[in-house]
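This report refers to the structure that appears directly beneath it.
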Amino acid sequence: MHSETVRKIIRAYDDPIVRAYCWARFGILRQRFLDEIGQYLPETGPVLDIGCGFGLFSLYYAATGPRRLVRGLDVDARRVALARRAAARLGLDNVAYEASDARDFKGDAEVAAAYMLDIVHHVPVASVPPLLAALRRALPAGGRLLVKDVDTRPAPKRWFTWLLDRAMAPGTPVHYWSAEALTAALDRAGFVVRRHLMVDLLPYPHVLYVCEARP
Ligand SMILES: C[S@@+](CC[C@H](N)C(=O)[O-])C[C@H]1O[C@@H](n2cnc3c(N)ncnc32)[C@H](O)[C@@H]1O
(Lines give C-alpha, C1' and ligand atoms only; values in the text may rest on other atoms or scores of the structure.)
Protein backbone atom coordinates (compact mmCIF):
# COMPACT_ATOMS: atom_id res chain seq x y z
CA MET A 1 0.00 0.00 0.00
CA HIS A 2 2.80 2.39 0.87
CA SER A 3 4.66 1.71 -2.37
CA GLU A 4 1.47 2.84 -4.15
CA THR A 5 1.67 6.04 -2.07
CA VAL A 6 5.23 6.54 -3.30
CA ARG A 7 4.13 6.06 -6.92
CA LYS A 8 1.26 8.55 -6.49
CA ILE A 9 3.64 11.13 -5.03
CA ILE A 10 6.06 10.76 -7.92
CA ARG A 11 3.21 11.09 -10.45
CA ALA A 12 2.15 14.35 -8.76
CA TYR A 13 5.21 16.16 -10.14
CA ASP A 14 4.84 17.32 -13.73
CA ASP A 15 8.49 18.15 -14.38
CA PRO A 16 10.06 14.98 -15.90
CA ILE A 17 13.48 15.82 -14.44
CA VAL A 18 12.03 16.12 -10.96
CA ARG A 19 10.17 12.83 -11.49
CA ALA A 20 13.40 11.12 -12.55
CA TYR A 21 15.15 12.59 -9.51
CA CYS A 22 12.36 11.32 -7.27
CA TRP A 23 12.50 7.82 -8.74
CA ALA A 24 16.26 7.83 -8.11
CA ARG A 25 15.91 9.30 -4.61
CA PHE A 26 13.20 6.87 -3.53
CA GLY A 27 15.12 4.12 -5.31
CA ILE A 28 18.20 4.90 -3.25
CA LEU A 29 16.32 5.41 -0.01
CA ARG A 30 13.86 2.54 -0.55
CA GLN A 31 10.74 1.73 1.43
CA ARG A 32 12.83 0.32 4.26
CA PHE A 33 14.45 3.73 4.76
CA LEU A 34 11.11 5.52 4.75
CA ASP A 35 9.86 3.11 7.41
CA GLU A 36 13.09 3.25 9.38
CA ILE A 37 12.77 7.02 9.70
CA GLY A 38 8.96 7.09 9.86
CA GLN A 39 8.76 4.69 12.82
CA TYR A 40 10.17 7.47 15.04
CA LEU A 41 7.64 10.11 13.98
CA PRO A 42 4.54 10.72 16.09
CA GLU A 43 1.17 9.92 14.49
CA THR A 44 -0.27 13.31 15.45
CA GLY A 45 0.85 16.90 15.75
CA PRO A 46 3.14 19.29 13.92
CA VAL A 47 6.24 17.77 12.31
CA LEU A 48 8.98 19.88 10.80
CA ASP A 49 11.02 18.91 7.71
CA ILE A 50 14.07 21.17 7.48
CA GLY A 51 15.57 21.22 3.96
CA CYS A 52 12.53 19.48 2.48
CA GLY A 53 13.68 19.81 -1.14
CA PHE A 54 10.90 18.85 -3.58
CA GLY A 55 8.83 17.60 -0.67
CA LEU A 56 9.13 13.87 -1.28
CA PHE A 57 9.41 12.88 2.36
CA SER A 58 7.02 15.45 3.78
CA LEU A 59 4.39 14.35 1.24
CA TYR A 60 4.97 10.72 2.16
CA TYR A 61 4.79 11.29 5.92
CA ALA A 62 1.71 13.52 5.50
CA ALA A 63 0.00 10.95 3.25
CA THR A 64 0.73 8.06 5.64
CA GLY A 65 -0.04 10.07 8.80
CA PRO A 66 -3.23 12.08 8.17
CA ARG A 67 -3.26 13.40 11.76
CA ARG A 68 0.21 14.89 11.35
CA LEU A 69 0.65 18.44 10.16
CA VAL A 70 3.92 18.39 8.26
CA ARG A 71 5.67 21.69 7.62
CA GLY A 72 8.54 21.72 5.11
CA LEU A 73 11.02 24.50 4.62
CA ASP A 74 13.74 24.85 2.05
CA VAL A 75 15.93 27.70 0.87
CA ASP A 76 15.22 26.85 -2.79
CA ALA A 77 11.97 28.62 -3.74
CA ARG A 78 11.55 26.58 -6.93
CA ARG A 79 11.66 23.31 -4.99
CA VAL A 80 9.14 24.69 -2.51
CA ALA A 81 6.79 25.70 -5.35
CA LEU A 82 7.01 22.17 -6.81
CA ALA A 83 6.31 20.65 -3.38
CA ARG A 84 3.23 22.89 -2.94
CA ARG A 85 1.90 21.96 -6.36
CA ALA A 86 2.39 18.25 -5.72
CA ALA A 87 0.59 18.56 -2.35
CA ALA A 88 -2.35 20.29 -4.06
CA ARG A 89 -2.51 17.59 -6.75
CA LEU A 90 -2.51 14.88 -4.10
CA GLY A 91 -5.26 16.70 -2.20
CA LEU A 92 -3.14 16.76 0.98
CA ASP A 93 -4.16 19.54 3.34
CA ASN A 94 -1.96 18.42 6.24
CA VAL A 95 1.30 19.59 4.69
CA ALA A 96 2.54 23.16 4.16
CA TYR A 97 5.69 24.63 2.70
CA GLU A 98 7.71 27.79 3.01
CA ALA A 99 10.79 29.09 1.25
CA SER A 100 13.20 30.00 4.01
CA ASP A 101 16.75 29.47 5.12
CA ALA A 102 17.31 26.97 7.94
CA ARG A 103 19.80 29.47 9.36
CA ASP A 104 16.89 31.82 10.08
CA PHE A 105 14.90 29.16 11.94
CA LYS A 106 14.32 30.42 15.48
CA GLY A 107 12.41 27.51 17.02
CA ASP A 108 9.81 29.79 18.57
CA ALA A 109 6.75 27.58 17.90
CA GLU A 110 6.54 24.11 19.43
CA VAL A 111 6.52 21.05 17.17
CA ALA A 112 5.99 17.40 18.09
CA ALA A 113 9.01 16.22 16.07
CA ALA A 114 11.46 17.37 13.41
CA TYR A 115 13.74 15.78 10.86
CA MET A 116 16.61 16.79 8.56
CA LEU A 117 17.46 14.39 5.74
CA ASP A 118 20.78 15.06 3.99
CA ILE A 119 20.80 18.71 4.86
CA VAL A 120 23.34 19.18 7.67
CA HIS A 121 26.26 18.76 5.25
CA HIS A 122 24.86 21.63 3.13
CA VAL A 123 24.63 24.09 6.04
CA PRO A 124 27.77 26.11 6.81
CA VAL A 125 29.56 24.51 9.77
CA ALA A 126 29.25 27.53 12.10
CA SER A 127 25.48 27.67 11.51
CA VAL A 128 24.83 24.05 12.54
CA PRO A 129 25.06 24.47 16.38
CA PRO A 130 22.62 27.43 16.42
CA LEU A 131 20.24 25.46 14.17
CA LEU A 132 20.39 22.44 16.50
CA ALA A 133 19.78 24.72 19.51
CA ALA A 134 16.74 26.26 17.77
CA LEU A 135 15.39 22.77 17.05
CA ARG A 136 15.85 21.82 20.70
CA ARG A 137 13.84 24.93 21.70
CA ALA A 138 11.05 23.93 19.32
CA LEU A 139 10.67 20.44 20.83
CA PRO A 140 9.10 19.38 24.12
CA ALA A 141 11.18 17.25 26.51
CA GLY A 142 11.34 13.78 24.98
CA GLY A 143 10.42 15.13 21.51
CA ARG A 144 12.37 13.60 18.64
CA LEU A 145 14.75 15.08 16.12
CA LEU A 146 15.83 12.68 13.36
CA VAL A 147 18.91 13.47 11.37
CA LYS A 148 20.10 11.45 8.42
CA ASP A 149 23.47 12.45 7.12
CA VAL A 150 26.72 11.27 5.61
CA ASP A 151 29.60 10.07 7.78
CA THR A 152 33.21 10.86 6.88
CA ARG A 153 34.14 7.18 7.01
CA PRO A 154 34.84 4.98 5.19
CA ALA A 155 36.64 7.43 2.89
CA PRO A 156 35.73 5.72 -0.44
CA LYS A 157 32.01 5.99 0.45
CA ARG A 158 32.51 9.66 1.38
CA TRP A 159 34.14 10.31 -2.01
CA PHE A 160 31.28 8.56 -3.80
CA THR A 161 28.78 10.81 -1.99
CA TRP A 162 30.89 13.90 -2.62
CA LEU A 163 30.93 13.21 -6.38
CA LEU A 164 27.12 12.88 -6.39
CA ASP A 165 26.74 16.09 -4.35
CA ARG A 166 29.01 17.91 -6.83
CA ALA A 167 26.95 16.59 -9.75
CA MET A 168 23.60 17.58 -8.17
CA ALA A 169 24.61 21.00 -6.81
CA PRO A 170 27.99 22.03 -8.26
CA GLY A 171 27.92 25.52 -6.72
CA THR A 172 27.10 24.42 -3.15
CA PRO A 173 30.00 23.64 -0.81
CA VAL A 174 29.53 20.61 1.43
CA HIS A 175 30.99 19.70 4.77
CA TYR A 176 30.54 16.15 6.04
CA TRP A 177 30.56 15.73 9.80
CA SER A 178 32.09 12.63 11.36
CA ALA A 179 29.49 10.65 13.31
CA GLU A 180 31.37 11.48 16.53
CA ALA A 181 31.48 15.24 15.82
CA LEU A 182 27.80 15.46 14.88
CA THR A 183 26.80 13.35 17.90
CA ALA A 184 28.79 15.71 20.15
CA ALA A 185 27.12 18.78 18.57
CA LEU A 186 23.67 17.23 19.06
CA ASP A 187 24.54 16.38 22.66
CA ARG A 188 25.69 19.97 23.32
CA ALA A 189 22.43 21.25 21.86
CA GLY A 190 20.49 19.25 24.47
CA PHE A 191 19.73 15.90 22.86
CA VAL A 192 20.25 12.32 23.98
CA VAL A 193 21.55 10.67 20.81
CA ARG A 194 21.44 7.12 19.50
CA ARG A 195 22.78 6.47 16.04
CA HIS A 196 23.01 3.61 13.60
CA LEU A 197 24.18 3.00 10.08
CA MET A 198 21.60 2.78 7.32
CA VAL A 199 22.86 -0.05 5.17
CA ASP A 200 22.38 0.48 1.45
CA LEU A 201 23.17 -1.27 -1.82
CA LEU A 202 24.87 1.90 -3.04
CA PRO A 203 28.05 2.94 -1.23
CA TYR A 204 26.56 5.73 0.88
CA PRO A 205 27.89 6.17 4.43
CA HIS A 206 24.40 7.12 5.75
CA VAL A 207 23.95 7.45 9.49
CA LEU A 208 20.59 7.93 11.22
CA TYR A 209 20.74 9.95 14.44
CA VAL A 210 17.71 9.40 16.64
CA CYS A 211 17.74 12.29 19.09
CA GLU A 212 15.48 12.93 22.07
CA ALA A 213 15.24 16.37 23.63
CA ARG A 214 16.62 16.25 27.17
CA PRO A 215 14.33 17.77 29.83
C1 LIG B 1 20.27 16.69 -0.69
S2 LIG B 1 18.87 17.76 -0.71
C3 LIG B 1 17.82 16.84 0.39
C4 LIG B 1 16.38 17.22 0.20
C5 LIG B 1 15.39 16.37 1.02
N6 LIG B 1 15.64 16.49 2.45
C7 LIG B 1 15.47 14.93 0.60
O8 LIG B 1 16.00 14.11 1.38
O9 LIG B 1 15.03 14.60 -0.52
C10 LIG B 1 19.39 19.12 0.31
C11 LIG B 1 18.34 20.24 0.40
O12 LIG B 1 18.77 21.17 1.37
C13 LIG B 1 18.40 22.46 0.93
N14 LIG B 1 19.20 23.44 1.65
C15 LIG B 1 20.54 23.64 1.57
N16 LIG B 1 20.91 24.61 2.41
C17 LIG B 1 19.78 25.03 3.05
C18 LIG B 1 19.51 26.01 4.04
N19 LIG B 1 20.48 26.78 4.54
N20 LIG B 1 18.24 26.19 4.46
C21 LIG B 1 17.23 25.42 3.97
N22 LIG B 1 17.44 24.47 3.01
C23 LIG B 1 18.69 24.28 2.57
C24 LIG B 1 18.64 22.43 -0.57
O25 LIG B 1 17.92 23.44 -1.25
C26 LIG B 1 18.16 21.02 -0.90
O27 LIG B 1 16.79 21.00 -1.26
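Order of listing sets the numbers, starting from 1, for every ligand and every atom in it.
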Q: Using a strict cut-off of 4.0 Å, indicate which atoms of ligand 1 neighbour a heavy atom of Asp101.
A: 18 (C), 19 (N), 20 (N)
Q. Salt bridge between Arg71 and Asp49, side-chain N to carboxylate O under 4.0 Å?
A. no
Q: Going by heavy-atom distance to atom 3 (C) of ligand 1, choose the closest among Val150, Val174, Asp149, Leu117.
A: Leu117
Q) Do any nitrogen or oxygen atoms of Asp49 lie less than 3.5 angstrom from nitrogen or oxygen atoms of ligand 1? A) no
Q. Going by distance only, is there an N or O of Leu56 that falls short of 3.5 Å from an N or O of ligand 1?
A. no
Q | Mode of Met116 contact toward ligand 1 - side chain, backbone, both, neither (heavy atoms, under 4.0 Å) | A | neither
Q.
Within ligand 1, which atoms have a heavy atom of Phe57 less than 4.0 Å away?
A. 7 (C), 8 (O), 9 (O)
Q. Considering only heavy atoms of Ala102, which atoms of ligand 1 have at least one such atom less than 4.0 Å away?
A. 18 (C), 19 (N), 20 (N), 21 (C)
**Q.** side chain to side chain contact (heavy atoms under 4.5 Å, CB included), paired with Leu59, selected from Ile9, Thr64, Thr5, Val6
**A.** Ile9
**Q.** Under-4.0 Å heavy-atom contact with ligand 1, by part of Phe54 that carries it
**A.** neither
Q | Non-hydrogen atoms of Ile10 and Arg19 that approach each other most closely | A | O-CG, 3.4 Å
(Q) I'd like to check whether Ile119 has a polar contact with ligand 1, where a contact means an N/O of the residue lying under 3.5 Å from an N/O of the ligand. (A) no
Q. Between the candidates Gly51, Gly55, Cys22, which shows the shortest non-hydrogen contact distance to atom 4 (C) of ligand 1?
A. Gly51
Q) What residue pairs, at least two apart or across chains, pass side-chain hydrogen bond (donor to acceptor under 3.5 Å, both in side chains) with a residue in residues 154-169? A) His121-Asp165, Asp165-Tyr176
Q | Pick from Leu164, Val75, Asp118: the one approaching atom 2 (S) of ligand 1 most closely through a non-hydrogen atom | A | Asp118
Q.
Give me the atom names and distance for the closest heavy-atom approach of Ile37 to Leu117.
A. CD1-CD2, 4.0 Å
Q. Taking only residues two or more places apart in sequence or in another chain, which ones pass salt bridge (Lys or Arg N to Asp or Glu O under 4.0 Å) with Arg78?
A. Asp15
Q. How does Ser100 reach ligand 1, by side chain, by backbone, by both or by neither, if only non-hydrogen atoms under 4.0 Å count?
A. backbone
Q.
Restricting to non-hydrogen atoms, name the atom on Ala86 and the atom on Tyr13 that form the minimum distance, rounded to 0.1 Å.
A. CB-CE2, 3.8 Å
(Q) Show the atoms of ligand 1 that are less than 4.0 angstrom away from any heavy atom in Asp76. (A) 25 (O)
Q) In a check of ring-ring contact (aromatic ring centres under 6.0 Å, His included) between Tyr115 and each of Tyr40, Tyr61, Tyr209, Phe57, which one passes? A) Tyr61
